[in-house]
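The analysis underlying the following values was restricted to heavy atoms, covering all of them including side chains, and did not include hydrogens, waters or symmetry mates. All chains are named by letter (A, B, ...) in the order of the sequence lines, taking the proteins before the strands, and each is independently numbered beginning at 1. In this text the structure is predicted, and so the values were computed from the model without any measurement.
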Amino acid sequence: DGGITQSPKYLFRKEGQNVTLSCEQNLNHDAMYWYRQDPGQGLRLIYYSQIVNDFQKGDIAEGYSVSREKKESFPLTVTSAQKNPTAFYLCASSFRDRGNTIYFGEGSWLTVV
Amino acid sequence: SQQGEEDPQALSIQEGENATMNCSYKTSINNLQWYRQNSGRGLVHLILIRSNEREKHSGRLRVTLDTSKKSSSLLITASRAADTASYFCATDLKTSYDKVIFGPGTSLSVIP
């Protein structure tokens, strides 16, 4: 089945550690996105990528890094510089043309312990 | 800053009633979309309305768009308990259509 796979679903991180969240899509989409969602809140854009080897910062990119070496993959690294990383992280993808539906993965819960 | 803002933040209705949620945005857009999120899950696309459209229907959903007021509304008719979820509007900006911004959402509770 086509879709977006995020892993792991739940992740615990010690303070000072980097952690990488995986996102893979087999929908042949050009654009991929990472959003952060805090409990009871909306989504905030972290990074987005329109094509391979290119990505742009969203509204809250500080403390995060991404790569887009393959069309199917857009991993997100939460670095130790991110002061409050505990949140729900959502990966999404879409075709690049205007007005295309964004498809979401099931999300990853990150908790700092 | 938020591009889209939904209101109300929370809405509680009885099953069978209609639910209306509103979304306002600040800058010119290409398209506006509505999404639904069940607790702890990813978002699911409901409907897209283009900036040159005024109204769109999909099943029990009706979306309107008023570009002069920079606002949209989502109407769910004959609500069901299964409609309980959070609903978000999302806009892509005329200046950067690949950057899709979501509002804070409306939490809908439908009481059986």
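Both Leu65(B) and Ile47(B) sit in one connected hydrophobic cluster of ILVMFWY residues. Membership requires side-chain heavy atoms under 4.5 Å apart, directly or through other members. Side-chain heavy atoms closer than 4.5 Å link hydrophobic residues (I, L, V, M, F, W, Y) into clusters, and following such links, possibly through other members, connects Leu110(A) to Tyr64(A). Hydrophobic clustering, with ILVMFWY side chains joined whenever heavy atoms are under 4.5 angstrom apart, groups Trp34(A) together with Ile60(A).
Contacts of Glu106(A) with chain B are made by both backbone and side-chain atoms, with heavy-atom separations under 4.5 Å. Within the 4.5 angstrom heavy-atom criterion, no atom of Ile4(A) approaches chain B. Neither the backbone nor the side chain of Tyr103(A) comes within less than 4.5 Å of any heavy atom in chain B. With a threshold of 4.5 angstrom between heavy atoms, Gln9(B) does not approach chain A through any atom at all. Proximity to chain B (any heavy atom under 4.5 Å) is shown, for Gln56(A), by neither the backbone nor the side chain.
When the candidates Thr101(A), Asp30(A), Leu90(A) are compared by the number of heavy-atom contacts under 4.5 Å with chain B, Thr101(A) comes out ahead.
Aromatic rings of Phe102(B) and Phe104(A) (six-membered ring for Trp) have centroids within the 6.0 Å cut-off, being under it.
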- Please assess Leu43(B) against Leu43(A) for the test side chain to side chain contact (heavy atoms under 4.5 Å, CB included), listing each intermediate value before the final yes or no. CA-CA 10 Å; Leu43(B) 278 71; Leu43(A) 280 67; 4.0 Å; yes
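Atom-to-atom distance recorded for Gln33(B):CD and Ile102(A):CD1 is 5.5 Å, nearest 0.5 angstrom.
Residue Lys9(A) qualifies as enclosed at atom NZ: its count of foreign heavy atoms under 6.0 Å is above 12. Within a 6.0 Å radius of CD in Glu55(B), more than 12 heavy atoms belonging to other residues, nucleotides or ligands are found. The number of heavy-atom neighbours closer than 6.0 Å to CZ of Arg60(B), taken from other residues, nucleotides and ligands shown, is above 12. At most 12 heavy atoms of other shown residues, nucleotides or ligands fall within 6.0 angstrom of atom CD in Glu69(A). Within 6.0 Å of the CZ atom in Arg13(A), the count of heavy atoms belonging to other residues, nucleotides or ligands exceeds 12.
Residues Gln37(B) and Phe88(A) come closest through the heavy atom pair NE2-CE2, 3.9 Å. Residues Gln37(A) and Phe88(B) share a closest heavy-atom pair of NE2-CZ, 3.6 Å. Residue Val100(B) comes nearest to Leu45(A) through the heavy atom pair O-CD2, 4.3 Å, listed as atom of the first residue, atom of the second, then distance.
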